[in-house]
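By convention in this document, chain letters (A, B, ...) are assigned in the order of the sequence lines, proteins followed by strands, and residues within each chain are numbered from 1. Values below: every heavy atom of this structure, side chains too, minus hydrogens, waters and symmetry copies.
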Amino acid sequence: MNEKKIAIGVLLGPTASGKTALGVAVAKRLEAQIISADSMQIYRGMNIGSAKPTVEEQEGIPHHLLDVADIDGPKFNVAQYQRLAAAAIASIHAAGGYPLVVGGTGLYINALTCGLDFSETAGDEGLRAELAEQEKGHPGALYAMLQKEDPDAAQRLHPNDTKRLIRALEVKRLTGKPMCADFEKSAAANIPYAPKLVGLTMPRELLYARIEKRVDRMLAQGLLEETRDIWEKGYDRNLPALQALGYKQLFAYFAGESTLDTAVDVIKRETRRFAKRQMTWFRRDARIVWLDITQYSEAGLLDAACAILAEEI
RNA sequence: GCCUCGGUAGCUCAGUUGGUAGAGCAAGGGACUGAAAAUCCCUGUGUCGGUGGUUCAAGUCCACUCUGAGGCA
């Protein structure tokens, strides 16, 4: 690969850290277009709860990868995200714009910036369902099978991590190759991008206070009504989209399984835990330049982010 | 004023016949390659309200004391 790599920016951070607003401000200054890296904002109809930027909040900056899937549509996945985002980046670049990835879904960000390779490892829902059944009938069955079929993969997985065991078995059976083949082919050197990563951070207490406030704001903006509309469509509650924070807990309320107060408390608690998991994911990525928002004024933060993102490679 | 029952981990509480404490929840840490806001793993030192005393040894017994709830006058 000797052609010049496309410079892209990535603005990431835990939920409620202020990525959306800063992203738009950065985009305005750097003539960028935004590619969302958020596994829930892809769904049409899930707006308030996913904190999807409204048209006003987008301030005229083109946003890609929002509203690209239906709640009850075919399962969306990383590979699809990778393809769609790559296409968006290519078109933005071709038009002379700066692609700015903004979001908090670590796996999606890595799919773009770490060269994760999904090309030969398609999914098979039928096989997954079958494997899930086997595990139900005989707990431990999947792990035992994987130990025989792909010992390397088995070694890096925990026997209880059913989802990953299923995936590893799926890869082996569909491609005939062990899963680690994926890992070998995946390398940042393979990607056609030169990414710059900026992360938003702040003291844990402040982040938690912001989460609490944001959940309250979502409720005030009509999250309950938005969720009720979805609830009334009678979707299967097990759909991936409906595992989203906020929606899941309000579904429990509509189903009579909890009071509204309890549901709201659970949303806040689960959102805190989610933010913690996001931080765990991002912390290990040494490429990220962190900006503690308490160290900057609003304008200062924008300057700092732009300076990092616009820096020549 | 007297009596009773409490005061042990951030919260709710367990703690056997005295051998320097343990559950649930909360919280923290970690993993993560086609469900990822998902999924999974690991982690319990705290002036046992305080001060004295008995004892080789006290959350556990005794005295005093602070404090909360209830009861009786």
Note: contacts of residues 204-219 of chain A with RNA chain B (heavy atom, under 4.0 Å) are Arg204(A), Tyr208(A)
Contacts to RNA chain B from residues 63-81 of chain A, heavy-atom cutoff under 4.0 Å, which residues? Lys75(A), Phe76(A), Asn77(A), Val78(A), Ala79(A)
Describe the nucleic acid contact of Ser50(A) in one word from base, sugar-phosphate, nothing, applying a heavy-atom distance below 4.0 Å. base
Side chain to side chain contact (heavy atoms under 4.5 Å, CB included), paired with Ile267(A), selected from Gln249(A), Glu212(A), Arg272(A): Gln249(A)
Does Glu31(A) have more than 12 heavy atoms from other residues, nucleotides or ligands lying within 6.0 Å of its CD? no
Pairwise P distance, rA9(B) and rG1(B) [rounded to whole Å]: 30 Å
Separation of the P atoms in rG15(B) and rC5(B), to the nearest angstrom: 15 Å
By nearest heavy atom, map Leu107(A) and Leu157(A) onto RNA chain B; which one lands nearer the 5' end? Leu157(A)
Would you mind telling me which of rU39(B), rA26(B), rU33(B) lies closest to the side-chain atoms of Arg273(A)? rA26(B)
Using 30° and 60° as the class limits, which term best fits the ring planes of Phe251(A) and Trp231(A): parallel, tilted or perpendicular? perpendicular
Contact nearer the 5' end of RNA chain B, comparing Lys248(A) with Glu125(A): Glu125(A)
How far, in whole Å, is rC64(B) from rG70(B) if one measures between their C1' atoms? 24 Å
Output yes when at least one side-chain N/O atom of Arg164(A) is less than 4.0 Å from OP1 or OP2 of rU33(B), else no. yes
rC40(B) phosphate, OP1 or OP2, under 4.0 Å from Arg277(A) side-chain N/O: no
From the list rC41(B), rA27(B), rG34(B), which nucleotide is the closest neighbour of the side chain of His158(A)? rC41(B)
Using the ring pair (Phe, Tyr, Trp, His ring centres under 6.0 Å) rule, collect all pairs that involve residues 128-168 of chain A, keeping only residues at least two apart or in two chains. none
